[in-house]
Every structure is written in C-alpha cells, then in structure tokens.
Amino acid sequence: MATVKLTDVKKIYDNKVVAVHEFNLEIKDKEFVVFVGPSGCGKSTTLRMIAGLEDISEGTIEIDGKVVNDLQPRDRDIAMVFQNYALYPHLTVFENMAFPLRLRRFPVEVEGEPAEGEKEPVENKEGEEDSKEKKIQYVKLSQDEIYKRVTEAAEILGITEYLTRKPRALSGGQRQRVAIGRAMVRESKVFLMDEPLSNLDAKLRNQMRAEIIMLRQKIDSTFVYVTHDQTEAMTLGDRIVIMKDGFIQQVGTPNEVFEMPDNLFVAEFIGAPKMNIIHTELVNEGGKYSVVPYGTKIPVDGYKGELLASKNVESQQILLGVRPEHIVLTAKSNPAAIPCTIQVNEMMGSELHLHVVTDQGGEQLIVRVPTIDLTPAQRAAMVSGAKVFITFEGKVMHFFNKETEISLITDNENVPVATHKDETDDVVKEEQPAKKSLFAKFRKNKGE
C-alpha cells in the first residue's frame with residue numbers, strides 16, 4: 001500500500017492546450033479518492049499521468065515517496081482497470097487474470113554475494129547492523145502461486161464458475177469483475193480505475209458499485225477512481241476531487257462538498273436534481289440576516305446565520321442556493337411562504353419532483369416531495385396548474401457572491417485561476433484575478 005502525491009502537475013498538449021492546471025493533491029495510504037467532473041475536465045488525463053500512460057508537462061508525481069515521472073507504467077507498481085475492460089478475447093477468464101502474473105517478476109531474497117547496488121544491511125536483535133547481507137533477485141511466480149492468487153480473487157469477486165469461459169460468453173458485469181480481478185492479483189501499491197462502470201446499465205452499475213465498496217473493505221488498498229457520475233463519487237469516495245476545465249474546484253469528504261460547496265459549480269454539480277439558484281438580496285440588520293426571494297422575507301437562522309455574522313458579511317445582492325429536497329410545502333398563512341404554480345409533476349415512486357413557477361418573477365424551481373408525507377387527496381391535487389406554497393429554512397441555504405460565484409461562508413482560499421491566451425505565445429497563460437472565479441469569466445466570455 002502507498003501514498004500518492006501530485007505537486008504542481010500540469011499537462012499541456014501541442015504546446016497550447018492546457019488539459020490540467022497545477023494539480024496539487026496528496027492521497028493517504030489506503031484512502032479511496034474519487035476524481036469527478038464533466039467530460040473534458042481533466043480527470044482521466046490526471047489518472048493516466050499517475051499511471052504513466054501520459055507524459056507530465058510540469059510538476060512531480062510520487063508513489064510511496066518515490067518520484068515516478070520518468071518510470072515506465074510497469075515499474076510504478078500500480079494496477080489499472082479500464083473503461084472498456086481490455087480483456088483478451090482469445091484467452092479464458094483464468095488466463096486473462098493470470099496474464100500479468102506470468103509477465104511480471106517479483107523481488108525475492110536469496111543467499112549468496114549480492115550484486116552491485118543490491119546490498120541491504122540486516123539488523124540483529126539489538127538493532128546493530130550485521131555482517132550478513134541480502135541478495136535481491138527478480139523471479140517469476142510459480143504456477144501454484146499464480147493459481148492461488150487467481151482463484152482467491154475469483155472467489156472474492158464471485159466469478160469462480162466462469163474461469164474456463166472466454167469473455168464473449170460473459171455479461172458486461174461479469175467482464176468488469178474479470179478486469180477488476182486481473183488488477184487485484186497483482187497486489188499492487190495503488191489501484192487506478194478509469195470509469196469502470198460507465199458501460200453498464202443502471203441496474204448493473206448499482207450492483208457493481210456495492211461490490212466495489214465491499215471489495216475495498218477486503219483488499220484495503222489505495223484507490224484512485226475516476227467517474228463523471230456524482231452518485232458513484234458520493235458513495236465510494238473517502239474524499240472527492242471535483243474538477244472543471246483542468247482545475248480542482250474542491251477537495252473534501254462527500255458530506256463536506258454536499259453541505260458546504262466552495263463555489264456555484266460544485267453546488268450545482270453535486271446533487272440530483274441540481275440545486276435551485278435564486279437571484280435575491282441578503283440583508284444584514286444588526287447581525288441578523290435574512291433573504292428576500294420573490295418578495296418574501298425568510299430569516300437566515302441556525303448555524304448559517306452564525307457563519308455569516310462571524311465573517312461580518314454585508315448586505316448585498318447574492319445567488320441563493322437551495323436544494324430541491326430542502327424545499328417544503330407550507331400553508332398559505334405562513335409569512336415565509338412563496339406562492340407558486342405547478343408546471344410539471346414527475347412521479348418518481350417514493351417522491352414527487354414538482355417543477356413550479358414562482359408567481360413573482362416567473363422563475364422555475366424544482367421541489368422534491370416525499371409521497372409518504374401526502375394523503376391520497378393531496379397527491380391527486382398535485383396537477384399542472386395547481387397553486388402551492390413553498391418555503392425553506394436558513395440552515396439549508398447556500399450563499400454565493402453574485403460576481404465571483406464563490407461561497408460567502410466557506411474558507412476557500414484556492415480560487416481557480418482564470419485563463420487567457422497571450423497573443424505573443426502559443427501556450428495558455430495563467431492570470432490571478434482579484435477574487436474572480438474561472439466560471440464567472442467563462443460564462444461572461446460565452447455570453448451566458
């Protein structure tokens with residue numbers, strides 16, 4: 001098992017396209033870290049640089065304290081699971097899993113005079129160096145050891161009965177288990193997984209996601225996992241690295257990125273349906289805060305109000321974020337009620353997804369309503385055109401600067417830098433804006 005450390009890692013293609021910008025991250029021993037983000041954000045490129053499949057333009061990558069920039073993939077002691085399984089069609093499941101073991105040589109200690117550069121002192125019981133020396137040789141595994149490793153991995157993954165089959169006789173989920181098993185038998189320091197579940201249907205994805213969680217508990221290794229699916233990221237990762245346009249947006253536990261997003265992109269990316277964003281005013285009245293969405297005054301109570309007060313946030317126009325599951329139906333008499341009209345009602349089984357339009361401003365919001373809280377009559381009344389009243393508490397609010405799109409209550413010092421192309425240079429240069437987020441600039445440039 002090993003740590004993985006990336007320091008100022010950058011990837012530039014053709015001397016002008018920057019795919020990854022100064023990536024800094026330290027992954028602890030036996031930690032499961034997930035890279036997540038939209039297509040083109042640089043997550044797979046970063047994983048491939050760790051694996052040695054992509055050259056590093058700048059920076060260093062360390063595995064178990066050793067810089068591996070110039071090492072070939074086979075010398076990095078890593079195992080990788082690919083998106084497309086990468087199984088040999090003419091080999092059986094057993095031979096596919098055994099293939100890396102037949103190629104690889106493993107270090108063993110033997111008696112005899114060690115070769116130059118292979119001497120390692122041996123300490124006696126008192127901790128003093130002994131005159132005895134070790135000789136390290138690299139040998140292939142015996143057939144018995146290969147058989148043992150393959151059958152043990154097959155038993156853990158539940159594919160023992162398929163060992164004599166070829167890949168064409170397996171389902172997608174079974175093929176992915178074989179690919180994971182082939183990585184397992186190597187007993188490498190680090191496991192890398194590049195969107196391993198993306199080719200599976202929804203039912204198989206859920207099943208394989210649970211199996212990966214159980215597998216991680218059994219082999220207890222360091223994992224780096226890449227996905228564009230936020231559900232996989234939230235359920236699998238000890239920590240999540242959220243990326244966009246080659247920049248790290250936030251690193252944190254699933255709970256941290258969900259409850260305290262650093263910027264608007266993270267807030268909207270994590271959560272389904274995505275967070276509702278409301279243009280409104282934040283009012284500071286002697287340290288007591290409130291917001292006024294659609295003409296309705298709602299106090300910011302609880303710890304969110306305390307955080308605003310601790311940072312002495314002034315009254316200003318903001319972007320207010322509220323997740324659909326945190327909006328509740330309320331009575332018309334509630335002074336914090338916002339009147340709305342149902343536009344679409346999506347029946348999801350255990351809950352309703354109501355797409356509503358506010359009476360003031362005509363803006364669309366999404367509300368998740370658990371069906372268990374509704375009587376049959378109330379459920380039947382949730383039809384297009386029906387009037388409803390909604391509200392939300394201060395503790396579920398998220399506050400973002402209207403210009404920079406950065407959270408007003410989190411300590412986010414590492415704001416992503418904006419980029420521009422220098423007319424005198426083909427390489428994309430970096431510019432540190434005065435607290436101007438990358439996304440605000442991109443949206444402005446695109447005219448959004």
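In this text, all values refer to a predicted model and were calculated from it rather than measured experimentally. All values below were derived from every heavy atom in this structure, side-chain atoms included, with hydrogens, water molecules and symmetry-related copies excluded.
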Which atom names give the shortest non-hydrogen contact between [X] and [Y], and what distance separates them?
| X | Y | answer |
| --- | --- | --- |
| E259 | K304 | O-NZ, 4.3 Å |
| V20 | G42 | CG2-O, 3.8 Å |
| K402 | H279 | CE-ND1, 4.0 Å |
| L163 | A154 | CD2-CB, 3.9 Å |

Any side-chain to backbone donor/acceptor pair from [X] onto [Y]? Under 3.5 Å, distance only.
| X | Y | result |
| --- | --- | --- |
| T358 | E363 | yes |
| R76 | I63 | no |
| K43 | P38 | yes |
| T391 | A336 | yes |
| E232 | E195 | no |
| R177 | G158 | no |
| Q230 | F269 | yes |
| D238 | F32 | yes |
| N345 | V383 | no |
| T296 | A337 | yes |

Could you tell me the separation between the [atom1] atom of [X] and the [atom2] atom of [Y], rounded to the nearest 0.5 Å?
| X | Y | atom1 | atom2 | result |
| --- | --- | --- | --- | --- |
| N284 | N312 | CG | CG | 7.0 Å |
| I270 | I240 | CD1 | CD1 | 5.5 Å |
| L320 | F400 | CG | CZ | 9.0 Å |
| S290 | K288 | OG | NZ | 11.5 Å |
| L352 | L329 | CG | CG | 9.0 Å |
| F191 | K189 | CZ | NZ | 13.5 Å |

- prompt: Knowing that exactly one of R175, K166, R182 qualifies, which makes a side-chain contact (heavy atoms from CB on, under 4.5 Å) with N96?
  reply: R182

Atom [atom1] of [X] with >12 non-hydrogen neighbours under 6.0 angstrom:
| X | atom1 | result |
| --- | --- | --- |
| E155 | CD | no |
| Q364 | CD | no |
| D8 | CG | yes |

- prompt: Between M397 and I318, does a side chain to side chain contact (heavy atoms under 4.5 Å, CB included) hold up when you go through it step by step?
  reply: CA-CA 12 Å; M397 299 179 190; I318 64 165; over 6 Å; no

message: Assess the residue pair D359 and Y294 against the criterion (side chain to side chain contact (heavy atoms under 4.5 Å, CB included)); give the C-alpha distance rounded to whole Å, side-chain angles, the decisive distance to 0.1 Å, and a yes or no.
response: CA-CA 8 Å; D359 286 3; Y294 314 116; over 6 Å; no

field: Donor-acceptor pair between T341 and K387 side chains, under 3.5 angstrom
entry: yes

- request: For T60 and N69, test the side chains for any donor-to-acceptor distance below 3.5 angstrom and give the result as yes or no.
  value: no

- prompt: Is the closest side-chain heavy-atom distance between N24 and T7 below 4.5 Å?
  reply: yes

message: Is the positively charged end of R323 above the ring of F258, judged by distance under 6.0 angstrom from the centroid and angle within 45° of the axis?
response: yes

message: Distance to the ring centre below 6.0 angstrom and angle to the axis at most 45 degrees; does that hold for K244 and F247?
response: no

field: D77/K66 salt bridge by N-O under 4.0 Å criterion
entry: no

query: Hey, are R48 and D194 close enough for a salt bridge, meaning a charged N less than 4.0 Å from a carboxylate O?
result: no

- request: Walk me through it: do V67 and E62 pass the test side chain to side chain contact (heavy atoms under 4.5 Å, CB included)?
  value: CA-CA 4 Å; V67 177; E62 300 174 39; 3.8 Å; yes

- line: So ring pair (Phe, Tyr, Trp, His ring centres under 6.0 Å) across residues 324-383, not counting sequence neighbours, yields none

Salt bridge (charged side-chain N to carboxylate O under 4.0 Å, His left out) against K5, all qualifying residues, sequence neighbours excluded: none

